[in-house]
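Computed from a predicted structure; not experimentally measured. A, B, ... follow the sequence lines: proteins, then strands. Residue 1 opens every chain.
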Amino acid sequence: MLGLGQRFPPFHTAFEPAALHRSYTTTESMAPKDRKPHVCRNPDLIRGVGKYSRSKMYHKRGLWAIKAKNGGAFPKHEKKAAAAAPAEKPPKFYPADDVKKPLVNKRKARPTKLRASITPGTVLIILAGRFKGKRVVFLKQLSSGLLLVTGPFKVNGVPLRRVNQSYVIATSTKVDVSGVSVEKFDDKYFGKKVEKKKKKGEGEFFEAEKEEKNTLPHDKKDDQKTVDAALIASIEAVPDLKSYLGARFSLKSGMKPHELVF
Amino acid sequence: MPFKRYVEVGRVALVNYGKDYGKLVVIVDVIDQNRALVDAPDMVRGQINFKRLTLTDIKIDIKRVPNKKTLIAALEAGDVKNKWENSSWGRKLIVQKKRASLNDFDRFKIMLAKIKKAGVVRQELAKLKKEAA
């Protein structure tokens, strides 16, 4: 034992593992959140190689102490009686060849990750479509991932519109949008109106209906006006910002996009 | 025709290639035909090839390989920062840096200012032409 010339730490005193102190019936701290974050007992020397061997780890985990406390064997609890599974009927039909099960897909659909440079109030440059080159104010990201954007309409003719993040350059200029409420706008607001099925009418009747539908409904115009009212006030507070938003962006001679700071 | 800027202990140089590109450094020792020991207040003293340096007109008074404290004191005494920023070379670099860091909005404002200035100049020119005619 101790006379072997090997120094071995005395049995219980100097090397008391945490296992002995931690009570398994969790009387004092019932909520697991109270515990300090646990430090790793076996730090990595390099990936895949721990500092301590299997026997050392057995000793460190204190399994010997738990066994000793329990009289020589590791404490067991009774297995819960498994609930009797309902008797399954054998299937009526076995397919001739093995049918492959499709792989499990746990991906969740979520809106496109918004670039860190795009925050509410950022001035964006639209790069494609009928408004290409227009500088526009960003309002919010909709649940489909598209960006809700407005000119404002009075400044540059861009209405409340959806725009894809990929077709946009974010500048570092920010406009104050605290006075604007954008809660009511979502993808459904911008969706195409579903037409009720009309009975077959005569030729003239049909044309009259079509012409009515081309104008914007009044409530959308009012929405535009309310959003823009607060925005235009904060835009006019900054000198030159209104003319900046009214002007289109274009690449001139000597401008190198990869060297430009937007 | 003769050389005016010499490699010597105390010569201030501009790094023109490498990790410390654009920094002003002081030559504190010459290692061999190609390399110098170089130091600056915000970097660890190290060797650099002469080909990576461009010598400036500024020279400070130090002994060979001073310690950092002495070097910083000598830079203050020689007023290197102000001399550099007032020299035409230093001013050009500052303007280049400013232009490179301009925002899209800044570029727009500069365009408006340029147009305004050109308008004023053209008006004055028209006045002068009228008087001369």
Side-chain angles (χ1 to χ4, degrees), chain A residues 115-127 131-138 149 151-152 155-156 158 163 167-177 231-232 234-262, chain B residues 13-25 40-43 48-49 51-56 81-82 84-126:
Chain A
R115 269 181 266 162
S117 52
I118 302 181
T119 61
T122 311
V123 172
L124 307 174
I125 301 176
I126 298 184
L127 297 172
F131 297 112
K132 55 178 154 297
K134 293 271 192 199
R135 296 170 169 121
V136 125
V137 178
F138 169 70
V149 126
V155 174
N156 55 18
V158 180
V163 130
Y167 296 93
V168 136
I169 295 180
T171 65
S172 47
T173 316
K174 311 267 183 221
V175 173
D176 182 22
V177 276
L231 257 185
I232 289 184
S234 48
I235 286 172
E236 287 179 342
V238 182
D240 291 331
L241 190 57
K242 196 157 177 215
S243 48
Y244 173 63
L245 290 176
R248 282 210 202 220
F249 171 81
S250 71
L251 273 183
K252 312 264 184 356
S253 181
M255 286 172 111
K256 297 173 196 157
H258 69 293
E259 286 180 359
L260 287 178
V261 167
F262 282 100
Chain B
L14 185 68
V15 178
N16 59 27
Y17 184 92
K19 192 171 61 107
D20 301 311
Y21 178 81
K23 276 209 196 139
L24 273 183
V25 293
D42 59 343
M43 71 180 251
I48 191 169
N49 194 313
K51 293 187 176 175
R52 293 192 175 194
L53 292 177
T54 324
L55 303 179
T56 68
K81 191 158 186 275
N82 284 332
W84 176 247
E85 284 172 5
N86 293 332
S87 72
S88 62
W89 184 0
R91 276 183 287 138
K92 263 189 284 179
L93 284 190
I94 290 173
V95 168
Q96 277 175 17
K97 271 206 193 106
K98 188 77 179 75
R99 286 213 180 116
S101 71
L102 284 178
N103 199 348
D104 188 44
F105 189 27
D106 292 335
R107 268 175 265 137
F108 181 79
K109 286 190 270 192
I110 284 177
M111 176 191 73
L112 293 182
K114 274 193 183 167
I115 291 173
K116 208 169 179 191
K117 174 179 140 198
V120 170
V121 167
R122 211 172 284 130
Q123 271 188 342
E124 289 298 311
L125 183 63

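Other residues, nucleotides and ligands contribute at most 12 non-hydrogen atoms within 6.0 Å of the NZ atom of B/K81. Atom CZ of A/R248 has more than 12 neighbouring heavy atoms from other residues, nucleotides or ligands inside a 6.0 Å radius. Atom CD of B/Q123 has 12 or fewer neighbouring heavy atoms from other residues, nucleotides or ligands inside a 6.0 Å radius. With a 6.0 Å radius and a threshold of 12 heavy atoms from other residues, nucleotides or ligands, B/K23 has its NZ atom above the threshold.
No option in A/T171, A/V238, A/V123 other than A/V238 meets the side-chain contact (heavy atoms from CB on, under 4.5 Å) test with B/F105.
Heavy-atom proximity under 4.5 angstrom to chain A picks out B/F108, B/K109, B/L112 from residues 108-121 of chain B.
Within the 4.5 angstrom heavy-atom criterion, no atom of A/I169 approaches chain B.
Between the CG atom of B/D104 and the OG1 atom of A/T173 there is a distance of 6.5 Å, given to the nearest 0.5 Å.
If you tally non-hydrogen atom pairs under 4.5 Å between each of A/A247, A/S172, A/P239 and chain B, the highest count goes to A/S172.
Under a cutoff of 6.0 Å and an axis angle of 45°, B/R107 and A/Y244 do not form a cation-pi pair.
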